[in-house]
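A short write-up of the structure that comes next.
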There are 2 protein chains.
Amino acid sequence: MHDHGTYPLKDLNLKTTPKRVAILNLLAQESTYISPEEIWRKLKGQFSRVGLPTVYRNLEELAAGGIISKVIHPNRQLYYYFCPNRDHHHHFICVACRRVEDVDYCGMEDVERQVSERIGGRVLSHIVQVNGLCRSCSAKGGNGESTHVGVMK
Amino acid sequence: MHDHGTYPLKDLNLKTTPKRVAILNLLAQESTYISPEEIWRKLKGQFSRVGLPTVYRNLEELAAGGIISKVIHPNRQLYYYFCPNRDHHHHFICVACRRVEDVDYCGMEDVERQVSERIGGRVLSHIVQVNGLCRSCSAKGGNGESTHVGVMK
DNA sequence: TTTTTAAAAGGAAATGATTTCTGTTTACAT
DNA sequence: ATGTAAACAGAAATCATTTCCTTTTAAAAA
């Protein structure tokens, strides 16, 4: 639970507006991903007037500043989640039921090292998405082939 | 350069139609990513009538079958590329110039093992996207912060 | 080879997430 | 307190992707 005074908004030349802070607080409370639209719905409970563009604008600004992160979902929508109070982790997406699970493990240190060496540039971050069948879907027996998306073999 | 007879379409219950084959050949010739719309434009040079929905439908089917892969770009559009004649690799995206570079290295064996163990499910594939500054952008000195998107710290 | 039928394709129209635009309000530096 | 650049609302535009329905076609069966 953050006190808004601790968000480094000033460093990013972003003003500390009530809506911006509310968005940050919402994200900080979420334990999982949340879409811009869901954020908007929750925001409407706190303010009489809020526009969806405000949500998008803020999310992009905050993501640009690295305060929050943008997670790319293989389906249409993009989900955002909050960073500071969570450990770095990866995402497992079940190709059958589409649910996203967090994997509290990274193991990308070597990969990052190799990549920066080969590219000759600087690695800042990475996105890892592991696709497969979750425990319950793999128990049900299907192979998930028919619902595969975003799979790289 | 593939002979279309070698595409395992039959295994996927997909018919060998002229347009499907043309799409596969286009992708096979591409050395980089290509959007559905770009594929459509090229296809229109070969057929008097082609619909964009046909392109999307085929891409989804082929991706579902694992013949091609879907690459998620941090911006709006989704890009697709062809698999069979290329080795598995990762993508490095420069946060400054947005260019995508292939990294001919995987190193995800341990990560996959760990993930499947922790999830208790079956890992089928993974998507790795490494964000950073490419050689030339990092030489130019910027830190890329202002263009950050989709970055997970 | 002809027949049959399920898949594929065309094309128009719908969808729906994201963005743009314009006028108004507000945070905060001076 | 006041001026100014940033934020905001709300309506409308954009544009990639899907849906729907009808026609065509690949390829299995006869």
Side-chain angles (χ1 to χ4, degrees), chain A residues 4-5 7-24 33-41 43-65 67-68 70-80 98 146-147 149-150, chain B residues 4-5 7-24 26 33-65 67-68 70-80 146 149-150:
Chain A
H4 75 261
Y7 295 128
L9 292 176
K10 191 172 286 184
D11 300 345
L12 302 169
N13 295 317
L14 295 176
K15 292 180 179 173
T16 304
T17 68
K19 282 161 194 171
R20 184 165 287 147
V21 172
I23 290 173
L24 281 169
Y33 315 98
I34 181 168
S35 69
E37 175 123 16
E38 288 171 310
I39 292 169
W40 182 53
R41 278 202 292 273
L43 225 49
K44 284 196 288 190
Q46 301 177 40
F47 297 90
S48 50
R49 336 174 90 213
V50 210
L52 194 41
T54 297
V55 175
Y56 277 99
R57 202 186 315 113
N58 273 289
L59 290 174
E60 279 305 316
E61 289 160 348
L62 295 169
I67 297 186
I68 65 173
K70 192 175 182 175
V71 174
I72 299 168
H73 199 272
N75 290 341
R76 199 140 19 123
Q77 246 174 346
L78 302 179
Y79 287 73
Y80 293 79
R98 296 298 173 109
S146 59
T147 50
V149 178
Chain B
H4 75 259
Y7 295 127
L9 292 177
K10 192 172 283 184
D11 300 345
L12 302 169
N13 295 317
L14 295 177
K15 292 181 180 175
T16 305
T17 68
K19 280 160 195 172
R20 184 165 287 149
V21 172
I23 290 173
L24 281 169
L26 276 178
Y33 314 99
I34 180 168
S35 70
E37 175 124 17
E38 287 172 310
I39 292 169
W40 182 53
R41 278 203 292 273
K42 295 191 182 218
L43 226 48
K44 283 195 288 191
Q46 301 176 41
F47 298 90
S48 50
R49 337 173 89 213
V50 210
L52 194 42
T54 298
V55 176
Y56 277 99
R57 205 184 311 114
N58 272 288
L59 290 174
E60 280 305 317
E61 289 159 348
L62 295 169
I67 296 185
I68 64 172
K70 192 175 186 176
V71 174
I72 299 168
H73 200 272
N75 289 342
R76 197 143 19 124
Q77 246 175 347
L78 301 179
Y79 287 73
Y80 293 81
S146 59
V149 179

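Atoms considered below: every heavy atom in the structure, side chains included; atoms not considered: hydrogens, waters and symmetry mates.
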Contact state string [nucleotides 1-13 of chain D, B base, S sugar-phosphate only, - no protein heavy atom under 4.0 Å]: ----BSSBSSB--

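- The separation between Leu9(B) atom CG and dA27(D) atom C1' is 13 Å, rounded to whole Å.
- Of all heavy-atom pairs spanning Val55(A) and Pro36(A), the tightest one is CG1-O, 3.6 Å.
- Close to dT19(C), at under 4.0 Å from its OP1 or OP2, lies no side-chain N or O of Tyr56(A).
- Here the C1' atom of nucleotide dT18(C) and the CH2 atom of Trp40(A) are 13 Å apart, to the nearest Å.
- The NZ-P distance, from Lys10(B) to dA6(C), rounds to 18 Å in whole Å.
- Counting to the nearest Å, the P atom of dA17(C) and the CG atom of Leu59(A) are 14 Å from each other.
- For the pair Lys44(A) and Trp40(A), the cation sits on the ring face: its NZ or CZ lies under 6.0 Å from the ring centre, inside 45° of the axis.
- An OP1 or OP2 oxygen of dA17(C) is reached within less than 4.0 angstrom by no side-chain nitrogen or oxygen of Ser35(A).
- Annotation: side chain of Ile67(A) is in contact with side chain of Leu9(A) (closest heavy-atom distance under 4.5 Å).
- Atom pair Lys44(B):NZ and dG11(C):C1' shows a separation of 13 Å (rounding to whole Å applied).
- Rounding to the nearest 0.5 Å places NZ of Lys10(A) at 7.0 Å from OG1 of Thr16(A).
- For the pair Leu12(B) CG and dA26(D) P, the computed distance is 19 Å after rounding to whole Å.
- Atom CZ of Arg41(A) and atom P of dG16(C) are 13 Å apart (whole Å).
- For the pair Glu38(B) CD and dC15(D) C1', the computed distance is 15 Å after rounding to whole Å.
- The distance from the CD1 atom of Ile39(B) to the CG atom of Leu26(B) is 7.0 Å, given to the nearest 0.5 Å.
- One finds a salt bridge joining Glu37(A) and Arg41(A) here, because a Lys/Arg side-chain nitrogen approaches an Asp/Glu carboxylate oxygen to under 4.0 Å.
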